[in-house]
Amino acid sequence: MPHATPLSSAPETLTPEASSLDPRDPNWDRLMSRVRETWGFDSLRPHQDEAIRASLADRDALVVLPTGGGKSLCYQAPALVREGLTVVVSPLISLMRDQLASLQAHGVSAGMLSSNMDRDERSDVFSAMAKRELSLLFVSPERIALPGFAGRLDEAGITSMAVDEAHCISHWGHDFRPEYRQLGEFRRCRPEIGVQAYTATATPRVREDIARQLGLRDPISIVGSFDRPNLTYRAIQRVKLIDQVLEVLERHGHQPGGSANGAGIIYCLRRKDVDKLNEQLQAKGLRCAGYHAGLSGGERRRVQEAFRTERLDLIVATVAFGMGIDRPDVRFVIHASLPKGLEQYSQETGRAGRDGLPSECTLFFGGADFHGWRTLIERGVAEAKEAGHPAPDALLETSTLGLKHIYGYATSGVCRHEQLVGYFGQTLKHGEGASGCGACDVCLGELEAIPEPLLVAQKILSCVVRCDQRYGAGHVAEVLRGGKGEKIRRARHDQLSTHGLLKANSVQEIRSWIEQLAAKGYLHVAPGRYPTLQLTPAARPVLAGEETPILFKPKIATSTKRSRSTSSSRGRDDLDERERELFEHLRATRREMARRKDVPPYVICGDRTLVAMVEKKPQTLTSFRALHGIGARKAEDYGFAFLEVIRAFLAGEKDAPT
Ligand code: ADP
Ligand code: ZN
């Protein structure tokens, strides 16, 4: 396995480990059998056990796990074995609704309260609460602060509280929601209940802010690995976006008349980019839909619903599409331009491969993205200031830094997994003998090093000096290429000794090398309306020929090499033709069951479970029950229908001529 586990890190003011908890908690065995019985999981994922132990011991905790890391089980499972009610605070109705549907499909007694429910629905929930029938209750942060509501929770026997997406409480985070602040007050009035905060946001500043604002008591900090070994990352220069996107889509069977393997999301920066790309893809005969804040509420709900229920597998969207999208079989996430920062990139790509199966994340970027973002950020900060944001300077600082990080990620030619976990303060150790992570374009050798990097670097650095360190990358590249445009002639840069030194290369190549040199710290891009290139002290040894930077050829087409997964789990792509046929039958059955129950298909079961059905071909309810992801309730509800599909398939196989 090329991947080793990154080391966990924890902010200093938080207690770093959960080992203080008694490992012989009497509830533990009961809990594990409930997890097996209810969810059909044989084991817990890393850190889930610590979080669950903390919850069972009524210890406050801050749990930081990446998207797809399995946070929900950490508060759902303890709720089933402890006395009383566990309240889960969640920022979005769609998140609550999907979790609730999932829990109910597992036979758990849970409820939710939201503003869009009618009076009858709400009073049913209130009466279930009063009768103490519920193990879990999902609510919005606003509701907690409603007069009289806290009292009702006391009557319902609240013993524990989980705060999901807890970074929303911090204005240092990227999703600040003022309503979250009211949770601190609730907590202060009820010091006896354990409060666990969950987030995928990892900056120490946000973590500490969460602990403070929520009034956590001596919280245990549980920080998981931020590496997602089943995701293969690539960062590629954008040339002809539509062709580059089509290439990725094709790899996943998204083509006219093709049978798509799972779902995909394509993120664009602006609404008009979404509309354009969506139209282009539709013109190619692809089934896709656009999604952004400019569409009517009804249209957005329709698209989201179609995606949730697997009637639609391809979405072109702004980042307005995402939170509350829990579809586990997203096989690829494409970014058509730079995202806002590494934190956001990690969140957005985190939506791929939640089911642990191999998935890919491809970022297409160009030099213009950086400046586009700067303008957007400046505008955003000005608006926030007007709207009374408590700390607009913090916003500017966070955003600018985020942008720098993502730019470095795209251009530096350093292992992408390493950079991502590095951003979250963790180190990735490659497995023994492995030359890299095995799951990014850098380590897969898809980036090709150029033969004479020292010479090229020296030409570029000297040209920056000749241009008095007062021009931007575009201009310097033009000069090196020997351009004779007006701007060059006016500055007399056609007279420079460096003019035309890289005549044989394209502007695109030269720009890419400039970006690589900047990402490696040899050049500094001085910010401003027209960003200019300057040398850093690190450039001196290169000019003196004492240090050779590695430079890559810009990669402008994706490789068709299939990414290798570091996880042992097989995906649909690993099945042979016959097996895939059975998979599609099972998938259709799942879709039909979901439609009848009015839930998203993954609530019935995930793709991993379907693949397991194909591999094991169970013929009895007992062997069906042993599949990954099948608990008692699910076996009872859906077992026979799936067994029938398998039986029919096997019968067909026997009858088929050989
Ligand atoms: P998060 O909230 O951290 O983004 P989720 O709670 O949605 O992640 O879990 C991601 C996926 O992992 C879900 O499909 C869930 O069923 C699965 N999962 C969680 N815990 C386990 C486990 N112990 N074993 C197997 N699968 C798990
Ligand atoms: Zn790598």
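Just follow the structure's listing: the first ligand is 1, and inside any ligand the first atom is 1.
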Q. With a 4.0 Å heavy-atom cut-off (strictly under), which part of S43 contacts ligand 1: side chain, backbone, both or neither?
A. backbone

**Q.** For L44, the ligand 1 atoms whose distance to one of its heavy atoms is below 4.0 Å
**A.**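 That gives atoms 23 (N) of ligand 1.
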
Q | Heteroatom test (N, O or S) for H417 near the Zn ion (ligand 2), limit 2.8 Å | A | no

Tell me whether [X] reaches ligand 1 (any heavy atom closer than 4.0 angstrom to a ligand atom).
X: G69; result: yes
X: P66; result: yes
X: L65; result: no
X: D355; result: no

Q) SG (C440) to the Zn ion (ligand 2) to SG (C437): angle, nearest 10 degrees? A)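 Answer comes to 110°, rounded to 10°.
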
Q. Hey, what's the angle at the Zn ion (ligand 2) spanning SG (C415) and SG (C443), nearest 10 degrees?
A.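 About 100°, to the nearest ten degrees.
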
**Q.** Aromatic ring proximity F321/F307, centre distance under 6.0 Å
**A.** yes

Q.
Quiz question for you: does at least one protein heavy atom lie closer than 4.0 Å to atom 13 (C) of ligand 1?
A. no

Q) Charged N to carboxylate O under 4.0 angstrom, E165 versus R177? A)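 No salt bridge links E165 with R177.
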
